[in-house]
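Accompanying notes for the structure given below.
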Amino acid sequence: MADNNENNEELRIGVYVCHCGSNIGSVVNVPDVVEYAKTLPNVVVAKEHKYMCSDPGQSMIKQDIRQYKLNRLVVGACTVSMHEPTFRAVLADEGINPFFFEMANIREHSSWVHAHEKPEATLKAKEVVSSAVAKVSFVRPLDMFEVPVTRSALIIGGGIAGISAALDLADMHIPTTLVDKSPSIGGRMAQLDKTFPTMDCSICIEAPKMVDVGKSKYINLMTYSEVKEVEGYIGNFKVKVERKPRYVLEDRCTGCGLCVDVCPISVPNFEFEEGLGPRKAIYVPLVQAVPAIYTIDRDACIECFKCVEACGSLQAISFFQEPEIVELDIGTIIVATGLDMWDPTPLEEYGFGLFDNVTTMMEIERLHCAGGPTVGEFVRPSDGKLPKTLGLIQCVGSRDKRYNEYCSGFCCMYTIKNAMLLKWLYPEMDITIFRIDIRTPGKTYEEFYDRARQAGIHFVQGRPAEIQEDPETKNLIVSVHNAALDRQMAYEFEMVGLATAAIPSEGVVDLARVLTVPLDTHGWFLESHPKLKPIDSSTEGIYLAGSAQGPKDIPQSVAQGSAAAGRAARVLNAGKWEIDPIVAYVDPTRCLNASPKGKCTMCAQACPYGAVINQPGTGNPSQIIPAKCHGCGTCVAECPANAITQYHFTDGQILAQIHALLADKPEEKVLAFTCRWCSGLGADNAGVSHFQYPANTRNIMVMCSGRVDADFVMEAFKLGVGAVLVSGCHPQDCHYITGRNKADERMERVVRQLERIGMTPGRFRTEEVSATEGAKWARIMTELSTVVKEMGPEGVKAENEKMRPQLERQLRRIREGLDAANVLDIFEARLQGVKTETQQAYDRGLAQSVGGDD
């Protein structure tokens, strides 16, 4: 890419402030922000536009780049998650390095969260823009790394979403490995009798696709297997998959079933029949299993060896099998782990597990299915008789703040489907559905609901408070407040079904750690952006499909499976792929290991990706492999010699932001360091949700809380800040595996240091905030602001002044960073109003570039 910005070229910065319709302009005085931006060093033009991301807005910027010879760009608008790529592309189109751009978020972090403090919101917007100008003044040109792509895909999960993705990739002749932890693919859809709203036979639809997967020459099917390790990066993942022993040899088993006929052991079939029917110790999960290979349940097997005798000359049984690790080279990964159904046992008022005839909707599904344990005869568990009255209760464990506050999405239609099917099979059955309300967002779903009412199915608005059992008849009494009649009522049923919540599949927490993909607060895999990248995870090259990301019905799962295959194919068919250059770099002249006596291992210990070549005692300085570095910056903050920097988030760039944000009345402010993936998105979520909090707060975004150096905190307090927050992911959700843990360890030391020098408790905090916890973010900001307000400006000033000598001693090495000295000289000179040589050079645009070699 062409680069019009040599190191000695004059800095010419353009600042553009967006109204975002009225989203920003109705709160922030945009013209005032523009006029302020014109006064900032090296800003040669500042303008406003109604919609800066629109084609006219972008065209205006491009025209100004040519007219004013701009070589740096700042846009004051929305979150980096939304339009950072848009404006980087504007620079690239004009032949300028795209990393010469900085976004100033004045929507999510200002106008939307300070709607009732318009003057303060405008002041904050000015300072946020000033911070962006300060940072962009010290950026260096970066070029994307190009890496080869291994043309093979991995899909984790063999439900309908994973099956759809695998078949689409196979149609493109892309080698694909499909891994499922069960002995057969099929997932939840294989358990269903009919599907709404068409009432098609579920297995009739899915089984042909399952067979296609099994016979495709482009699909390597690995069932009864689990992903254990994932290393590498987009296009070049190294994956270890554990094949669990079936004790049946896959290449010899013909699926004849003779072994089952002679097996003397039967156990409840919880895996497929919800425990309502039995299976043998040697089994296939379902008749249409793919692959049709038997598995021995060693927990149930008594090793009578009758199966061995029945297998005869095939000799397919082997009790000597051990787990096997298979290593795969993979280009992209699709996560399609599906969902589980919530166990309603904790909901004691409904008596599940206590009353025989209180069942779940999935148990009802298996009872009326022709392939189920009763061969399609719908009977109640207590006496095996057909119930004449049936109550179905919606939202059991869903939309309930005690358990799962989200709507599970498909339950309304799923319950209506079961009611419709039973009404067709047994027209005289009296069926009542208890609901909070009915949600029918899909195509022809509302018509399906109408058909249910026309068929005579009753709907009662109200969440039942309690179920009691008649001990003689085993009938059930459902107590509920009927909203339509506005009175408490009791209904008697011979059987009750609970539509339980959909929850994340078992094992996703461990898998998320293996993949370094975060989960949301409910345990679903978190998408990169809910609107712009709903299929992508935050880890490049890993995509989400179906109910891995949240509850989905069958059409949505199929669509997402195909969408994920399309996203993956973009990479797999490219041959080569560009990856982000925001990585760490070691200055070999400063590394302690450059001396033969050096034995430092701090960077290697900090890196969770094995990206550091560390050879202490050899005289070889540590090195970082760019393609393996994920850019968390943890090693930068851990390095005791300040020998490491992180491109685009250098010490100097972050210090420039700190100084810009704290230039005026620092004692009244709260300064927050946020990670890009969780707490930063949590702050964005607060904005999207319009959660209000005080406007004296200022944010600096880094890639990971592991990047936040203790010196940044100390420098902020030396400058007089009121309070500081370091926020990151929940540790188990850290995008960089251990980055948050390293940050916690470092900040615990900072807390002790600050306490020793007399800081008031509460002025410095570390917090974990997920991308969905906007309310928590607003609460934390409010609490920190309260601490500052209670101390008052004079109290903060006095305490900071008392701590200053100790803070300066703590900061005695801050200038040793690769670019920190220049930045500090500039801002200290500006603060003193002195035009030093460095300041003059900065004003002329001749400030030294930062980082390592180009």
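Throughout, numbering of the chain's residues begins at 1 and tracks the sequence. Computed over heavy atoms, backbone and side chain alike; hydrogens, waters and symmetry mates excluded.
The two atoms that bring Val290 and Met210 nearest to each other are CG1-O, 3.4 Å, heavy atoms only. The nearest pair of heavy atoms linking Lys443 to Pro197 is O-CG, 4.0 Å. When all heavy atoms of Ala165 and Ala565 are compared, the closest pair comes out as O-CB, 3.7 Å. Here the closest non-hydrogen pair linking Pro504 and Trp524 is N-CH2, 3.4 Å. The two residues Ala502 and Ser408 have their closest heavy-atom pair at N-OG, 2.9 Å. Smallest separation of non-hydrogen atoms from Ile457 and Met420: CD1-N, 3.8 Å.
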Criterion side-chain contact (heavy atoms from CB on, under 4.5 Å) on Val496 and Tyr350, from CA distance to verdict = CA-CA 10 Å; Val496 169; Tyr350 286 175; over 6 Å; no
Is there a side-chain contact (heavy atoms from CB on, under 4.5 Å) between Leu192 and Met362 once you walk through the steps?
-> CA-CA 8 Å; Leu192 305 181; Met362 185 58 76; 4.2 Å; yes
Verify side-chain contact (heavy atoms from CB on, under 4.5 Å) between Tyr218 and Leu169, making sure each step is shown before the conclusion.
-> CA-CA 8 Å; Tyr218 292 104; Leu169 290 168; over 6 Å; no
Given the rule in the side-chain contact (heavy atoms from CB on, under 4.5 Å) test, do Thr360 and Val396 qualify, once you have shown the distances and angles that lead to the verdict?
-> CA-CA 9 Å; Thr360 66; Val396 177; over 6 Å; no
Show your working on ring-ring contact (aromatic ring centres under 6.0 Å, His included) between Phe410 and Phe196 and close with a plain yes or no.
-> CA-CA 10 Å; Phe410 56 79; Phe196 61 79; 7.5 Å; no
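For CD of Glu446, the number of neighbouring non-hydrogen atoms (other residues, nucleotides, ligands) closer than 6.0 Å is greater than 12. Counting heavy-atom neighbours within 6.0 Å of Arg487 CZ, excluding the residue itself, gives a total of 12 or less. Residue-environment remark: CD (Glu377) stays at or below the threshold of 12 foreign heavy atoms within 6.0 Å. Within a 6.0 Å radius of CD in Glu492, more than 12 heavy atoms belonging to other residues, nucleotides or ligands are found. Sparse packing is recorded around NZ of Lys209, with 12 or fewer heavy atoms of other residues, nucleotides or ligands lying under 6.0 Å away. The number of heavy atoms from other shown groups lying within 6.0 Å of NZ (Lys244) is above 12.
Side-chain atoms of Thr223 come within 3.5 Å of backbone N or O of Pro183 as a donor-acceptor pair. No donor-acceptor pair closer than 3.5 Å links the side chain of Glu349 to the backbone N or O of Glu466. One N or O on the side chain of Lys280 and one on the backbone of Val260 form a donor-acceptor pair closer than 3.5 Å. A donor-acceptor pair under 3.5 Å is absent between the side-chain atoms of Gln560 and the main chain of Ala545, judged by distance alone.
Checked for salt-bridge contact, Lys181 and Glu226 miss the test: no charged N lies under 4.0 Å from a carboxylate O. Here Asp340 pairs with Arg188 in a salt bridge; the nearest charged N to carboxylate O distance falls below 4.0 Å. With salt bridges taken as basic N to acidic carboxylate O contacts below 4.0 Å, one links Arg298 and Glu303. Under 4.0 Å is where a charged nitrogen must lie from a carboxylate oxygen, and between Glu271 and Arg279 at least one such pair does.
Rounding to the nearest 0.5 Å places CG of Asp171 at 8.0 Å from OG of Ser216. Expressed to the nearest 0.5 Å, how far CD1 of Ile364 lies from CG of Asp193 amounts to 12.5 Å. Annotation: the span from Trp424 atom CH2 to Lys194 atom NZ amounts to 9.0 Å, rounded to 0.5 Å. We find the CZ-CG distance between Arg513 and Leu519 to be 9.0 Å, quoted to the nearest 0.5 Å. Within the model, atoms CE of Met495 and CG of Leu367 stand 5.5 Å from one another, a figure rounded to the nearest 0.5 Å. From Arg246, atom CZ reaches atom OG of Ser225 across 7.5 Å, with rounding to the nearest 0.5 Å.
Using a 30° and 60° split on the angle between ring planes, Phe319 and Phe305 fall in the perpendicular class, above 60°. Note: His522 and Tyr406 have perpendicular aromatic rings, judged against thresholds of 30 and 60 degrees for the angle between ring planes. Taking the six-membered ring where the residue is Trp, Phe434 and Tyr491 present perpendicular rings, their angle passing 60° and hence far from 30°.
Gln191 and Glu274 share a donor-acceptor pair across their side chains, judged by distance under 3.5 Å alone. Side-chain contact, Ser505 with Thr337: no donor N or O sits under 3.5 Å from an acceptor N or O.
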